[in-house]
Asks: 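Once you've had a glance at the structure underneath, I'll fire off some questions.
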Amino acid sequence: MMALSLNNFRYYAKRYISPTLLNLNVRNIACNSFNYNHEGHRFNKRQSVFLHKNRQYETGRGSAAAWPLSSHRTFLTTPLVANTGSAFSKTSLLKLSPQNFIDYLKAENIRRLYLVFDPEEKAVKVSHPGLLEELKLFLLKDKVDFDEHEGIFMQLGKRTNCLLGAFIWRTNRGQACGGIRLWDYADMEAYLRDGLRLGQGMGVKSALAGLWAGGGKGVIQEPPSDNHKDPEFRTSLFYDYGEFLSSLNGCYVAAEDVGLNVSDLDNVHMFTRYTTCISEVKGGSGNPSIATGKGVVCAMEGALDYLNMGTLVGKRIAIQGAGNVATVIVEELLQKGVSHIYVTDCHQIRVTDMRNRFYPKYKDILQVEKVEIDDNSVAGYPCDIFSPCALGNVLNADTIPMINAKIVCGAANNQLGCPADNELLKERGISYIVDFLANRMGIVNCANEVYGRLPDDPAITRHFNKEWENSIFNITNKILKKAEDDNITPVEAANEIADKLSRELHPIWPNRSKQIIKSLVDNEWHLKALI
């Protein structure tokens, strides 16, 4: 008991109440307690931005560096549970840090677990009913992030004992597909919510992109003591995840997300065929930034076309962020003949890299500035299009009144703070191009690796043209038209279209992943020895 309490105290003290963190500039976005449950696309009850040293952490589905908080926990004020009796007897599993949850699983001799939704009974089946009942009840009662996800699978890595997870949502269109995220979570509720929300987000994005894929997300809790930075340990970690994927028999196909690189996926691939985003020398699709940046520019062109604003020639663009995708966007915009581009970033190295790439040739057109991490003044820059390409939650009650553009279209995930902000954009007459449309080429780039590759692959390039019905340009027009005709926001219009598409059945392998999930349960996957 004492060891667990001390571990909890050290964890929360290190994470939340260090001297530096006590000086946090914390900005709570308006509508903190809004509980929005729109079918096909959900918002957290609480969404906030936390600024810590040189890193910006955020809550929200699909963010590039999400740090989700419990919807039922007050930040920095929740008392720790004092345990009596056995170490875990009076501790909420949801409030355990992932490392303490690992200790709990070990103590109960659990190496694998699952929570699977039964659509006929409208119930959640759990691998260990007596020991994991709290997690089951959490899913059944939750109205924010759980949306009848078909399966949640977890395993302790054979070599590393790290917590490995796979979250699967609506596989009507095909196997669950989505990236693996390596992140440090405050507690198990944060771990679960991030996986649920990101899994659904990938399903929505894939459906809107016309991919025959469902929603999937891999989640790995960062090991203690930064062990994942040790090359040997890191290799073992992704060997473990590869074996975990193989054990799931292909109901989930992995890809790259925050915390991983191509080498990590190559190591995953050493022990499974169920992954994408491997290196090009091994048959993979390579860097997705190029395709993602081109896709964002296509969405800009679609919005300009629908609003009868012409082409990108002569337009002024403001971009927040100077990373890999933003660099591609700038290059594409310069080729399209824009008159001015203003870019800000809080990292000097990115600012320097962009200047070195485009100066002096485009110095009269491109302006790149270093700003403080909490500086959102770029949103108010006079322009035709504002393009958020850094972290999420940038469109909120503070920034939307500043926006001096007719169109918002960028690569960042989870740009909106909450649904009220979506309405505020509409009230101001600003056309918002939803992130899961504009940045969809990240998943498109790797989704079809198994089918081989071609130079100027038509399976990729058709997303950039104006002829294919489901191209980014045409879907942008379709969403904006539906929003105007139905007097709803573009987010609502996109959700309605994506929700309908996500329910279509794969033309060759309908319900294949659901059958695999059922077989895993029937054959007691959770009791199989780790090979």
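Start at 1 with the first residue, then count along the sequence.
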Asks: Side chains of Thr171 and Glu150: any donor to acceptor distance under 3.5 Å?
Replies: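 Short answer, yes.
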Asks: Using the six-membered ring wherever Trp is involved, compare the ring planes of Phe244 and Tyr241 and label them parallel, tilted or perpendicular (cut-offs 30° and 60°).
Replies: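 Perpendicular, since the angle between the ring planes exceeds 60°.
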Asks: Check this for me: does any side-chain nitrogen of one of Glu301 and Lys466 sit under 4.0 Å from a carboxylate oxygen of the other?
Replies: no
Asks: Under a 4.0 Å N-O cut-off, is there an ion pair linking Asp147 with Arg170?
Replies: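 Salt bridge present between Asp147 and Arg170.
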Asks: Quick one: do the Glu467 and Ser471 side chains pair a donor with an acceptor below 3.5 Å?
Replies: no
Asks: Centre of Phe271's six-membered ring, under 6.0 Å away, within 45 degrees of the axis: is that where NZ or CZ of Arg159 sits?
Replies: yes
Asks: Can you tell me if Glu232 has over 12 outside heavy atoms packed within less than 6.0 Å of its CD?
Replies: no
Asks: Quick one: side-chain hydrogen bond (donor to acceptor under 3.5 Å, both in side chains) partners of Ser431, sequence neighbours excluded?
Replies: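 Here no residue qualifies.
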Asks: Is the count of non-hydrogen atoms from other residues, nucleotides or ligands lying under 6.0 Å from Arg273 atom CZ greater than 12?
Replies: no
Asks: Do Asp266 and Ser279 have side-chain atoms, one donor and one acceptor, less than 3.5 Å apart?
Replies: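 Short answer, yes.
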Asks: For a quick check under 3.5 Å, do Asp184 and Gln221 share a side-chain donor-acceptor pair by atom type?
Replies: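 Side chains of Asp184 and Gln221: pair found under 3.5 Å.
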Asks: Any side-chain donor-acceptor pair under 3.5 Å between Gln175 and Tyr274?
Replies: no
Asks: Side chains of residues 319-334: which donor-acceptor pairs under 3.5 Å do they make with residues two or more places apart or in other chains?
Replies:
from: Gln320; atom 1: NE2; to: Asn376; atom 2: OD1; distance (Å): 2.8
from: Thr327; atom 1: OG1; to: Gly323; atom 2: O; distance (Å): 2.8
from: Glu331; atom 1: OE1; to: Arg357; atom 2: NH2; distance (Å): 3.0
from: Glu331; atom 1: OE2; to: Arg357; atom 2: NH2; distance (Å): 3.4

Asks: For the residue pair Phe358 and Tyr362, categorise the inter-ring angle as parallel (less than 30°), tilted (30 to 60°) or perpendicular (more than 60°).
Replies: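 Perpendicular: the ring planes of Phe358 and Tyr362 meet at over 60°.
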Asks: Name all residues meeting the side-chain hydrogen bond (donor to acceptor under 3.5 Å, both in side chains) criterion together with Glu504; count only those two or more places apart in sequence or in a different chain, and write none if there are none.
Replies: Arg173
